[in-house]
2 protein chains.
Amino acid sequence: MANKKSKATSVDIAYHAGVSQATVSRVLRGSPLVNAETRQRVLDAVQALNYKVDRRASSLRTQRAGTLALLLFEDPTEDESHINPFFLSMLGSITRACARNGHDLLVSFQQLSDDWHADYEDSMKADGLILLGYGDYVDYRPKLEKLVAQGTHFVRWGAVLAGQPGVSIGCDNFAGGRMVAEHLVGRGRRRIAFLGYASSHYPEFFERYRGCDALLREAGLSADPTLQVDALSSEEEGYQAAKALLAREVAFDAVFAASDLIAIGAIRALNEHGLRVPEDIAVVGFDDIAMARFATPPLTTVIQDTGRAGELLVETLLRLVRDQPAESMMLPAKLVVRKSSGA
Amino acid sequence: MANKKSKATSVDIAYHAGVSQATVSRVLRGSPLVNAETRQRVLDAVQALNYKVDRRASSLRTQRAGTLALLLFEDPTEDESHINPFFLSMLGSITRACARNGHDLLVSFQQLSDDWHADYEDSMKADGLILLGYGDYVDYRPKLEKLVAQGTHFVRWGAVLAGQPGVSIGCDNFAGGRMVAEHLVGRGRRRIAFLGYASSHYPEFFERYRGCDALLREAGLSADPTLQVDALSSEEEGYQAAKALLAREVAFDAVFAASDLIAIGAIRALNEHGLRVPEDIAVVGFDDIAMARFATPPLTTVIQDTGRAGELLVETLLRLVRDQPAESMMLPAKLVVRKSSGA
DNA sequence: CTGAAAGCGCTTACAG
DNA sequence: CTGAAAGCGCTTACAG
């Protein structure tokens, strides 16, 4: 019985199979330079001794770790204990994509203030980095530039814009925002408030805003700047933003929240204010987190295909690691209509 | 500028600092056998060359990976794309606890049917395993026994019962269930339905059921077996279970759902049936997932302290890895009262 | 306090 | 097709 104290090595297998240790290694790496019969003997021994290749040793030799690292970073201001559910859903799909590609995934939560840029790959624990998180892009960008300068392999999830350092995968936020506005306008809404940051500090939110704005202009409805309130992606900030909006006493008949969490907080504030959703105010979110369909009323929102996103992040990073060409990509956005925007 | 092609090694540092490579290693390991001035010279060189110890090499030498693996396993029957939010919250706290203890975390999602028992530690990628997941314990138990037989270091999150293989950390499910019943009885409810498996196949749910049952007996209210309906932890199963309960046409004035997800599904079924929560039926869940407070009405539930749980899982596993004594532990449960159980 | 040397378990030219 | 040998980058007795 295999036991911690006596783990089998390739030498044990070699002895057992009556071949050299080098041959064992060849078999296990799938080298074609091995006679079929010899191969079988080795494989039998591997079976019998429940042998597994020591990944540290092989990685030390090949200089390839077979491991990717996922850095989930959070704004230090946010509540430590609550991770954005959208990212957790991405985490699931990234993990699966790694497994499918025969790689392991190291996970780490980082504060945006940490020196995360220079750790995992430098200590040879990972071949490349996947960066996931909202945060102030203006603060964040120099770190990306440092990664590029260091030659670190990485992909990030986020807005896909011209002139960004490195390779990015993201949702078509502009199209998503546009769809939301189109939907609301189609339902007769005319004064659409936007809850979420709308500046280059938060490019994903900004693109959603710009998409919405573009459609409103096309429809001849000028966007009113008093209808935009800053908010990060949390229920609490959504609640506060909606309160702030109500305090301005400007008329509006719809809310486009930059994320589902913001939308859920906004609905709470609206209800407290005696406004009904969707009768008085239509509300639309973004992300389609698990909670969205269980909100009251169920939330109309924009789906970001996290399954495909995880796959694309992993595959793109692996191309980078292998020095193959890779480029930024945008995934299509898709509107899901639920009650919160219904007439 | 440090560049992928010319990563500094301890030999480079040695040359730079004018010492032997062995001394560099001593400094970096914090050995006391180094002269203060020599140490400083080495540290300066480390700084200058942005050197990081290669974890693979050091791990190969010391036979300690500095890495833990988290295996999140799911019932193959469950929807692949949705991970239980409760586990995601645990994931966050486990990651942080690992970081605090200077370890990395490898994450993997496993189907309960996979041969997960013999992988991570065998290929020396991790020093130990954290097992997280619901699943049929009767199927699951032989795998745990195999892990024990192999001498694998592991801790699992789950029910803490006598005679289990290995070390377990879990919430005091019995006390939690008891609290729920006490709360409901205190609010005048007499016929409490339980939605969730109540058998040794799902020991966590079973303990919750037994705690509830115990209090009902103490209160002189015999538990009615027609008020229990099987369900796994998902919104859909909760919905179906509540429908099945309603179809039985037995009277009940409260629902104790074995998890928040089940509770949320049950509320949907109750509402469809024209029953108001909490006026007609009080509903209580378990877990306090992020969604619970945003449900309509906000859900009374039992908090499991995931922060402390993650810490305890990691610390206990690390004790095991170091061959220090470690034992199973139960975390206290805590009731949070929200509207769903209010009169 | 410091250095020379062995060795962790692999992979892969090199030679046959 | 196979083996002997070097070497990946560390850590740690051993000797001084």
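Lettering of chains follows the sequences in order, A, B, ..., and the numbering in each one begins at 1.
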Whether the side chain of A/Arg26 and the base of D/dG3 hold a donor-acceptor pair under 3.5 Å is what I'd like checked. yes

Look at the side chain of B/Ala22 and decide which nucleotide, out of D/dG9, C/dA5, C/dT12, has an atom nearest to it. C/dA5

Looking across every strand, which nucleic acid part, if any, lies under 4.0 Å from B/Ser58 by heavy atom: base, sugar-phosphate, or nothing? sugar-phosphate

Nucleotide of C/dC10, D/dT2, D/dA4 approaching A/Thr38 most closely (side-chain heavy atoms): D/dT2

Below 4.5 Å, heavy atoms only, C-beta onward: do B/Tyr51 and B/Leu28 meet side chain to side chain? yes

When we call it a touch if two heavy atoms are under 4.0 Å apart, what does A/Ser59 touch: a base, just sugar-phosphate, or nothing? nothing

Should D/dA13 form a Watson-Crick or G-U wobble pair with both distances under 3.5 Å, which nucleotide is its partner? none

Kindly indicate whether the side chain of A/Asp54, heavy atoms from C-beta on, has any atom under 4.5 Å from the side chain of A/Thr9. no

Hey, does B/Gln21 reach any base, or is it just sugar-phosphate, or nothing, if we go heavy atoms under 4.0 Å? base

Tell me: CG of B/Leu33 to C1' of C/dG3, nearest whole Å? 13 Å

Regarding A/Ser31, tell me which of base, sugar-phosphate or nothing describes its non-hydrogen contacts under 4.0 Å with the strands shown. nothing

Over how many whole Å does the gap from B/Asp12 atom CG to D/dC8 atom C1' extend? 14 Å

Can you tell me which nucleotide in C/dT2, D/dT11, C/dT12 comes closest to the side chain of B/Asn35? C/dT2

In whole angstrom, give me the gap between the C1' atoms of D/dT12 and D/dG16. 16 Å

Residue closer to the 5' end of DNA chain C, B/Thr23 versus B/Leu60 (nearest nucleotide): B/Thr23

My understanding is that a pair needs two contacts under 3.5 Å, Watson-Crick or G-U wobble. By that rule, which nucleotide pairs with D/dA4? none

How long is the line joining CZ of A/Arg64 and P of C/dT12, in whole Å? 11 Å

Please figure out whether A/Val11 or B/Arg39 has its closest DNA chain C nucleotide nearer the 5' end. B/Arg39

Counting any heavy atom closer than 4.0 Å, what does A/Thr62 reach on the DNA or RNA strands: base, sugar-phosphate only, or nothing? sugar-phosphate

